[in-house]
Asker: 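The structure's right below; bear with me while I get my questions together.
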Amino acid sequence: DQVLHIVPETLQQVHHLQHLCSTLLLDLWKPLLPEDMKAGEDLHIRVPAPLVQEVKASLDQHMISYKILIHDVQELVDQSTPRETSSYRQIPEDYNYTQYHTMEEIYTWMAHIQNNSELVTQHYLGKTIENRTMYYLQISQPSDKNKKIIWMDCGIHAREWISPAFCQWFVKEILQNYESDPKIRKFLQNLDLYILPVLNIDGYIYSWDTARLWRKNRSLHMNGTCYGTDLNRNFNSSWGTVGVSYNCSSEIFCGSGPESEPETRAVVQLIESKKSDILCYLTIHSYGQYILTPYGSTTKPPSNNEELMHVAQTAAAALMEKYGTSYEVGSTSLILYSNSGSSQDWAHMIGIPFSYTFELRDKGTYGFVLPADQIQPTCEETM
Amino acid sequence: RAMAELPPSHSSASRAAALAAAYISHRHGSPGHGLALRDVRRARREDIDGIGHKYHLEFVLEDIFERDSTVNCTAEVLYHLGNKNSAPDVQFTIEGELKNTDEADNVFYNRIKSLKKELEAENIPDSYGNVPPEMQPIRALAWAASGYVIWQNSAEDTKYQLAQIKRVKQVKRTDEYLEFDYVILLHENVSQEIIPWQMTVLWHPQHGVAVTQNGRLPEHALD
């Protein structure tokens with residue numbers, strides 16, 4: 001589609017343009033109505049792509065000069081901020097993985113992915129405090145083998161938008177390359193992947209609609225005067241002991257008790273029920289560029305610390321190979337700060353051997369508001 | 001005096017390095033040039049009885065506009081014991097030359113001087129991380145000025161980053177300086193709080209960045 005800029009010189013030209021607009025149903029941007037067209041005044045008309053040739057020929061024929069104001073309307077639209085209503089309903093192949101998506105778009109995407117791939121099934125996990133449904137995706141190669149599981153959740157903190165973007169990218173990569181990449185096929189022969197694209201759905205929506213830098217969920221406390229529990233302080237791992245606040249107005253409020261939040265309970269229930277099969281627990285955050293190992297609640301290293309560190313260091317090295325991005329590796333309590341009630345600590349404490357928190361790009365230059373043009377490189381290197 | 005080697009990824013080391021980087025940003029930043037911490041190479045901590053904790057650091061800074069452009073630095077950061085109201089002492093050296101941004105600075109200076117109406121803007125970067133090209137210098141200026149605010153307000157158990165510029169408004173002046181009134185959001189990494197902060201920033205190509213007034217704002221100041 002193109003937008004043309006025309007300044008009609010005579011009344012005759014005005015009439016011709018009005019005629020063109022009404023017969024071809026062109027989209028008049030300026031003025032508002034065809035009857036407002038005047039000789040000597042600016043006209044902006046959007047011409048749909050299939051009609052461009054015809055319209056220009058007609059203008060030439062009538063000696064009406066024009067300039068091209070916008071060469072490609074779609075390109076401009078794509079560059080500007082994402083739309084609120086999604087038109088991704090029909091075609092998952094058109095889904096733009098290098099843009100940030102609203103929760104509505106992510107729900108649609110999950111349903112589509114499930115419908116279009118035999119490897120993926122969508123499962124009910126639970127409900128959020130605002131009664132929204134939480135779903136996770138199971139990527140599983142059909143087989144009668146009982147396979148081990150790798151769990152990955154994204155978006156436990158609302159403002160960390162790159163995290164859900166990564167989960168979506170991850171699913172896409174696996175599915176797109178399943179046929180062509182023998183490593184992925186081998187992987188899926190022995191492992192099932194459980195992916196929760198957005199854990200803190202209410203918070204994520206709130207960060208889109210109201211406060212971009214919101215972190216917690218949207219549970220109500222203190223007689224309805226204060227919102228939000230930090231879900232990553234709400235798990236039953238030395239809950240409420242260190243690196244938390246008991247005050248709802250804090251960003252690290254740990255809730256009224258361990259697993260007080262429905263979102264936490266939904267995750268706990270599922271993971272508990274499958275814990276003997278879960279090999280690895282991954283939780284994705286931003287920012288900082290770290291691969292964190294347990295624990296946050298104590299500096300005492302976990303029993304399998306050497307192995308945990310070795311795997312993480314290998315991962316960080318592989319990550320660096322892609323774009324030179326450096327990720328630091330170590331326990332949360334040593335690298336970041338003490339915290340209790342984290343999902344990572346809890347997963348390890350109930351017996352899941354490999355438990356990691358990833359803090360994705362960057363190191364603070366953009367922080368939580370990572371530009372969309374960094375989605376691709378971040379996701380590529382992390383994969 | 002006890003000196004201990006720290007793993008460079010240790011939280012104390014990265015907090016001290018972030019503080020040093022903020023301080024350096026303030027001293028060397030301009031609308032054409034911003035510096036951010038990329039990596040910590042080496043860190044040692046010295047406990048000085050009766051005085052405080054001094055960190056000896058080696059780290060790498062990168063240009064916020066050109067991330068491949070890096071520079072090595074060393075710094076000493078002394079957190080004073082007891083006196084919570086005094087900012088930490090920072091001494092630093094930069095290896096080699098910093099990029100000369102005189103031209104970009106002058107272009108920005110002349111552009112703002114010739115504006116008919118005072119510049120005003122909001123949400124830089126926006127929610128999607130976008131910064132329009134003409135706002136990059138405004139962001140770089142805030143980055144340098146926030147370095148001062150961060151330095152003045154840091155302690156051993158805090159780590160601040162500039163999260164976003166909520167509002168910026170140019171203030172008309174009769175002299176040669178440019179003045180901007182900013183409301184910024186600082187992200188504090190340990191408490192995870194987002195703190196609104198006001199700062200009045202003065203700048204001139206030959207005189208660097210000065211924060212003449214700054215203060216924490218109440219939560220509702222953002223509405």
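The basis for the numbers below is simple: all heavy atoms, side chains too, and nothing from hydrogens, waters or symmetry mates. Every chain is numbered from 1, with letters handed out A, B, ... down the list of sequences.
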Asker: What's the spacing between B/N123 CG and A/R212 CZ if we round to 0.5 Å?
Answerer: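 Result: 10.5 Å between the selected atoms.
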Asker: Please state whether the side chain, the backbone, both or neither of A/S250 comes within less than 4.5 Å of a heavy atom of chain B.
Answerer: both
Asker: Are the side chains of B/S127 and A/W161 in touch, meaning some heavy atoms are under 4.5 Å apart?
Answerer: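 Touching, per the 4.5 Å side-chain cut-off.
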Asker: If you count heavy-atom pairs within less than 4.5 Å of chain A, which of B/A36, B/A18, B/S191, B/A13 leads?
Answerer: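 When all of B/A36, B/A18, B/S191, B/A13 are compared, B/S191 has the most.
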Asker: Looking at OG of A/S249 and CD of B/E219, how far apart are the two atoms once the value is rounded to the nearest 0.5 Å?
Answerer: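 Going from OG on A/S249 over to CD on B/E219, the span is 8.5 Å.
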Asker: Tell me if a side-chain donor or acceptor on B/Q161 pairs with a main-chain N or O of A/G367 at a distance below 3.5 Å.
Answerer: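 Not at all, since once roles are kept as given, no pair shorter than 3.5 Å links the two residues.
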Asker: Inspect the surroundings of CD in B/Q91 and state if more than 12 heavy atoms from other residues, nucleotides or ligands are less than 6.0 Å away.
Answerer: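 For B/Q91, atom CD is not crowded (no more than 12 foreign heavy atoms under 6.0 Å).
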Asker: At a heavy-atom distance under 4.5 Å, which candidate from A/L336, A/L213, A/T365 has the highest pair count against chain B?
Answerer: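 Top option by heavy-atom pairs under 4.5 Å: A/T365.
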Asker: Are A/Y337 and B/Q192 linked by a side-chain donor-acceptor pair shorter than 3.5 Å?
Answerer: yes
Asker: B/A163 versus chain A, heavy atoms under 4.5 Å apart: side chain, backbone, both or neither?
Answerer: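 Both parts, backbone and side chain.
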Asker: If you draw a 6.0 Å radius around CZ in B/R111, do more than 12 non-hydrogen atoms from other residues or ligands fall strictly inside?
Answerer: yes
Asker: Does B/K99 NZ have over 12 foreign heavy atoms under 6.0 Å away?
Answerer: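 More than 12 heavy atoms, drawn from other residues, nucleotides or ligands, come within 6.0 Å of this atom.
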Asker: What is the minimum heavy-atom distance between A/W208 and B/Y128, and which atoms define it?
Answerer: CZ3-OH, 3.5 Å
Asker: Heavy-atom pairs under 4.5 Å with chain A are the metric here; pick the option from B/E62, B/K159, B/R15 that has the most.
Answerer: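 Ranked by heavy-atom pairs under 4.5 Å with chain A, first place is B/R15.
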Asker: Is B/R67 close enough and on-axis enough to A/Y366, meaning under 6.0 Å and within 45°, for cation-pi?
Answerer: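 Cation-pi check for B/R67 and A/Y366: fails.
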Asker: Taking every heavy-atom pair that is under 4.5 Å apart, which of A/E328, A/R215, A/H157 has the most such pairs with chain B?
Answerer: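 Max contact count across the listed options: A/R215.
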Asker: Yes or no on side-chain contact (heavy atoms from CB on, under 4.5 Å) for B/I194 and A/E251, after CA distance, side-chain angles and deciding distance?
Answerer: CA-CA 8 Å; B/I194 301 290; A/E251 296 279 16; 4.3 Å; yes
Asker: Quick check on A/F253 against chain B: is it the side chain, the backbone, both or neither that has a heavy atom closer than 4.5 Å?
Answerer: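 Neither part; nothing is under 4.5 Å.
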Asker: Count the heavy atoms of every other residue, nucleotide or ligand shown that sit under 6.0 Å from CZ of B/R41, and state whether that count exceeds 12.
Answerer: no
Asker: Would you find more than 12 non-hydrogen atoms of other residues, nucleotides or ligands less than 6.0 Å from A/Y227 atom OH?
Answerer: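 Check fails, neighbour count at 12 or below.
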Asker: B/S11 vs A/I335, test: side-chain contact (heavy atoms from CB on, under 4.5 Å). Steps then yes/no.
Answerer: CA-CA 4 Å; B/S11 54; A/I335 294 201; 5.8 Å; no
Asker: B/N189 versus chain A, heavy atoms under 4.5 Å apart: side chain, backbone, both or neither?
Answerer: both
